[in-house]
Number of protein chains: 2
Amino acid sequence: MDPTATILDLHQLRRSCGSCALHELCLPGGITAEELIQLDATVRDKRTLDRGDTLYREGDSFGALYVVRSGSLKTFVQDEDGQMQILGFHLPGEIVGVDALASDRHMSQAEALERSSICELPYTRLQKVVAEVPALNRQLMRIISREVVEEHRHMVVMGKQPAQERLAIFLASLADRYNRLQRDGTRLTLTMSRSDIANYLGLVVETVSRVFTRMEEIGVLEVNRKAVRILQPEQLASLCGMNSRPDLQRKDAS
Amino acid sequence: MDPTATILDLHQLRRSCGSCALHELCLPGGITAEELIQLDATVRDKRTLDRGDTLYREGDSFGALYVVRSGSLKTFVQDEDGQMQILGFHLPGEIVGVDALASDRHMSQAEALERSSICELPYTRLQKVVAEVPALNRQLMRIISREVVEEHRHMVVMGKQPAQERLAIFLASLADRYNRLQRDGTRLTLTMSRSDIANYLGLVVETVSRVFTRMEEIGVLEVNRKAVRILQPEQLASLCGMNSRPDLQRKDAS
DNA sequence: CGCCGCCTTGATAACCGTCAATTCTAGTGG
DNA sequence: CCACTAGAATTGACGGTTATCAAGGCGGCG
């Protein structure tokens, strides 16, 4: 709509790591200004992706790691017959492409859920820099480790949780990440489709829809298409662990 | 039984990375002999764990990464009320402890499934070495990435597969890893309990038991307590993707 | 304005989890 | 050597949560 939007966006894209809003979340976290300059040099470009655009596909040869700068991505795998499994949704400050380090080939696909901008870190350059800046290497490891922790959390969800709990955990986790980004964690924008959410949680889309409805009925959420408002954060939190505490099964019908 | 076993084991433990049987699978993969010497220096000790021993617990402060040298481990998380979720089983050559890099605290627990020996890589030392040996840093990344890929595969399993397929994939994956270790991939030794397997796959122990029985009935496996023999590897492989190809539902009853 | 995809809602059934009993194994002691 | 026990694994009957199938509503976009 606004014709200047694109231009502004381009300006933003050209900002260096030092002035990036993600400064603390991204690789620069905890390194000196001097070291930062070196990192800046490794960031090749800051690509812009439109909704549905693919950042990399399974089988692509590995060239770079990517950091989400704005917008959001989903990563997923697809088996031969087209069945897909979503591995994660990625918000600004999060890294994608790590799974390609093992075999020099991407083992998943990354796709933009909305218009997004991405920092590309060509791996050969990145390697050189991290060799010279140990703190940066440490930070890179830290970020990758964060991915692993996040995946472990997801396994707990997929392991043996009822549907309502899965969705509650998903929303609470999203709210957390919003907070880290200094966004309002009570007003979520679900850039992914319902079936993406369902797939990610190991459910079908109908179940997700039903649970949304139920949560709205009990007053925890206000759902409006992609806009979700968390009305009772505490109760949402309690829904995250309910099945293990039978006495909390019923809602506040004291 | 053999009184010399312990002594031999101790000798083995003292062997350096250079002579380790896991040479190609472990960190040393693809680095020079010279660089290897530096790595040897970082490996503090090679600890021995008995069945049930804990390598680290959730919350422990992070000191080292660990490589399984022999035996096998399980890693898992436990929420407040004691519910556990197994994250993975780890065979020789595989690394554990990566999830601690993010926060300097272990976010899971690692426990030996049998008598195992473990290479401990104190992280401060490891950092120094990888700073000096880029190839080693690369290799470390590669191994961590392998973990991530493995976890992605597991998410596909947990996502939406029927019970039989889950177990089939689990066994096939184990067989693969046996092959990489140059063991006979058709004769598996399940060092973990049935309920460990069930938990890992997001099922209950009864279901796992039933599926084992069914697989034995159709002649794919021969199950004897912890010893599993894969009689028809091809058919096992077909069971891994059956639900999506209806025409393969029935076995070769041509 | 009208199509089309996404989401929602409802009815039915299946797979798997729960509960309960039995068998098997390994470890212990008589 | 064998009986005994405790824990693990198996087997069976049943029920519940969620998938499946089917239809209808809503919003976006040409």
Practice task
Quick one: label A:Ser209 by what it contacts on the DNA or RNA (base, sugar-phosphate, nothing), any heavy atom closer than 4.0 Å.
Solution key: base

Exercise for the section: Report the distance from atom NZ of B:Lys160 to atom P of C:dC15, rounded to the nearest whole Å. Expected result: 12 Å

Problem - Donor-acceptor pair, side chain of B:Tyr178 and main chain of B:Thr189, under 3.5 angstrom - result: yes

Practice task
Report the nucleotide, chosen from C:dG10, C:dC19, C:dG17, that has the shortest atom-to-atom distance to any side-chain atom of B:Thr207.
Solution key: C:dG17

Practice task
Please determine, for the side chain of B:Arg210, which listed nucleotide (C:dT9, C:dC7, C:dT18) has the closest atom?
Solution key: C:dT18

Exercise for the section: Would you mind reading off the distance between B:Leu203 atom CG and D:dT17 atom C1', rounded to a whole angstrom? Expected result: 15 Å

Handout entry: Pair of N/O donor and acceptor under 3.5 Å linking C:dC15 base with B:Gln164 side chain
Key = no

Exercise for the section: Could you state the atom-to-atom distance from CE of B:Met215 to P of D:dT10 in whole Å? Expected result: 13 Å

Practice task
Go through C:dC16, D:dA19, C:dT18 for me and flag the one nearest to the B:Ala163 side chain.
Solution key: C:dC16

Handout entry: Atom-pair distance (CZ on B:Arg51; C1' on D:dG7), nearest Å
Key = 11 Å

Exercise for the section: For C:dC6, take OP1 and OP2 only and decide whether either is under 4.0 Å from a side-chain N or O of A:Lys226. Expected result: no

Exercise for the section: Report yes or no: does B:Glu114 contribute a side-chain atom to a donor-acceptor pair with the main-chain N or O of B:Ser72 at less than 3.5 Å? Expected result: yes

Fill in the blank from the handout: Ranking C:dT9, D:dA19, D:dT10 by distance to the side chain of A:Thr213, first place goes to C:dT9

Problem - Whole-Å distance separating the CG atom of A:Leu201 from the C1' atom of D:dT18 - result: 14 Å

Handout entry: Value in whole Å for how far the P atom of D:dT17 lies from CD of A:Gln161
Key = 15 Å

Problem - Backbone N/O of A:Pro162 and side chain of A:Glu165: donor-acceptor pair under 3.5 Å - result: no

Handout entry: Nearest-Å distance for atom pair CD/P, residues A:Glu216 and C:dC7
Key = 15 Å

Exercise for the section: For A:Ser238 and A:Gln235, indicate whether the former's side chain and the latter's backbone hold a donor-acceptor pair under 3.5 Å. Expected result: yes

Problem - Integer-rounded Å distance: C:dT8 P and A:Leu221 CG - result: 12 Å

Problem - Nearest-0.5 Å distance, CZ of residue A:Arg214 to CG of residue A:Leu239 - result: 9.5 Å

Handout entry: Of the listed nucleotides C:dC7, D:dA9, D:dG12, the one nearest the side chain of B:Glu206
Key = D:dG12

Handout entry: Proximal nucleotide (of D:dA22, D:dA9, C:dA20) relative to the B:Arg194 side chain
Key = D:dA9

Problem - Side chain of B:Arg225 (C-beta onward), nearest among D:dA9, D:dA13, C:dT9 - result: D:dA9

